[in-house]
Amino acid sequence: MTTINVNDVARQMLVAAEGVFGEKWPEAKNFATSESKTFAQSMADIQTWKGLHQITEEQARALSRLHQRSMKMVFTALEGISLAMAEKAVNGALDAVRRAINTAIGWRVV
């Protein structure tokens, strides 16, 4: 099983989000960096907890959804970023890492 590399996952998410935010990137960058790291670390935690039989697939999916919603809400709190733009940025970031995370965890959580 491949171990989730938090820094690589966060970096891939940032690259995807930057492309969506475009000229809004300077305002969104710090928040996107923080949210991407948090999400990536949470996915790594899920992988660890699964290996220790400390989390169910249902719990893992719920935690993933919680973090996805959190990212959207953080971005919409920024001036000039609409819900549609926030959703597009989060979806793009998740698309960039979905396969790698789901494969590493062994469950479809993203």
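As a basis for the values below, the full set of heavy atoms in this structure was taken, side chains included, without hydrogen atoms, waters or symmetry mates.
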Legend entry - Stepwise side-chain contact (heavy atoms from CB on, under 4.5 Å) test for Met43 and Val9: CA-CA 9 Å; Met43 296 303 103; Val9 168; 6.0 Å; no
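- With values rounded to the nearest 0.5 angstrom, Met73 atom CE is found 5.5 Å from Leu83 atom CG.
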Inset, instruction - Check step by step if side-chain contact (heavy atoms from CB on, under 4.5 Å) holds for Ile46 and Ile55. - result: CA-CA 7 Å; Ile46 288 171; Ile55 194 168; 4.1 Å; yes
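- Screening residues 35-55 for salt bridge (Lys or Arg N to Asp or Glu O under 4.0 Å) gives no qualifying pairs among residues at least two apart or on separate chains.
- Ala86 and Thr76 get closest at one heavy-atom pair: CB-CG2, 3.6 Å.
- A donor-acceptor pair under 3.5 Å is absent between the side-chain atoms of Ser36 and the main chain of Met13, judged by distance alone.
- Here Glu18 pairs with Trp25 under the side-chain contact (heavy atoms from CB on, under 4.5 Å) rule; sequence neighbours left out.
- Leu94 and Val6 end up in different hydrophobic clusters when Ile, Leu, Val, Met, Phe, Trp and Tyr side chains are linked at under 4.5 Å.
- The heavy-atom pair separating Ala28 from Ile81 by the smallest distance is CB-CD1, 4.1 Å.
- The side-chain contact (heavy atoms from CB on, under 4.5 Å) check on Asn7 picks up Asn5, with sequence neighbours excluded.
- Annotation: the span from Ile4 atom CD1 to Gln41 atom CD amounts to 9.5 Å, rounded to 0.5 Å.
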Legend entry - side-chain contact (heavy atoms from CB on, under 4.5 Å) between Gln12 and Asp8, intermediate numbers included: CA-CA 6 Å; Gln12 290 172 37; Asp8 284 349; 4.2 Å; yes
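- Looking at heavy atoms from C-beta onward, Ile101 lies in side-chain contact with Phe39 at the 4.5 angstrom threshold.
- Cluster annotation: Val90 and Val15 are assigned to distinct hydrophobic clusters (Ile/Leu/Val/Met/Phe/Trp/Tyr, side-chain heavy-atom contacts under 4.5 Å, transitive).
- Formation of a donor-acceptor pair under 3.5 Å by the Ser34 side chain with backbone atoms of Phe31 is not found in this model.
- Contacts of Phe75 classified as ring-ring contact (aromatic ring centres under 6.0 Å, His included), with partners at least two apart in sequence or in another chain: Phe21.
- Looking at Gln68, its side chain never comes within 3.5 Å of a backbone N or O of Val110 through a donor-acceptor pair.
- Taken from CG in Asn91 to CE in Met71, the straight-line distance is 9.0 Å, to the nearest 0.5 Å.
- Heavy atoms only, all atoms of each residue included: Gly92 and Ala16 are closest at O-CB, 3.4 Å.
- Here salt bridge (Lys or Arg N to Asp or Glu O under 4.0 Å) pairs that include residues 59-86, with residues two or more places apart or in two chains, are Glu57-Arg61.
- Formation of a donor-acceptor pair under 3.5 Å by the Thr33 side chain with backbone atoms of Lys29 is found in this model.
- Nearest approach of Ala10 to Ala40, heavy atoms of both residues: N-CB, 4.0 Å.
- Considering OG1 of Thr103 and CZ of Arg108, their distance stands at 10.5 Å, rounded to 0.5 Å.
- Taken to the nearest 0.5 Å, the OG1 atom of Thr48 stands 9.5 Å off from the CD1 atom of Ile105.
- Legend: residues meeting salt bridge (Lys or Arg N to Asp or Glu O under 4.0 Å) with Asp95, ordered by chain and number and at least two apart, are Arg98.
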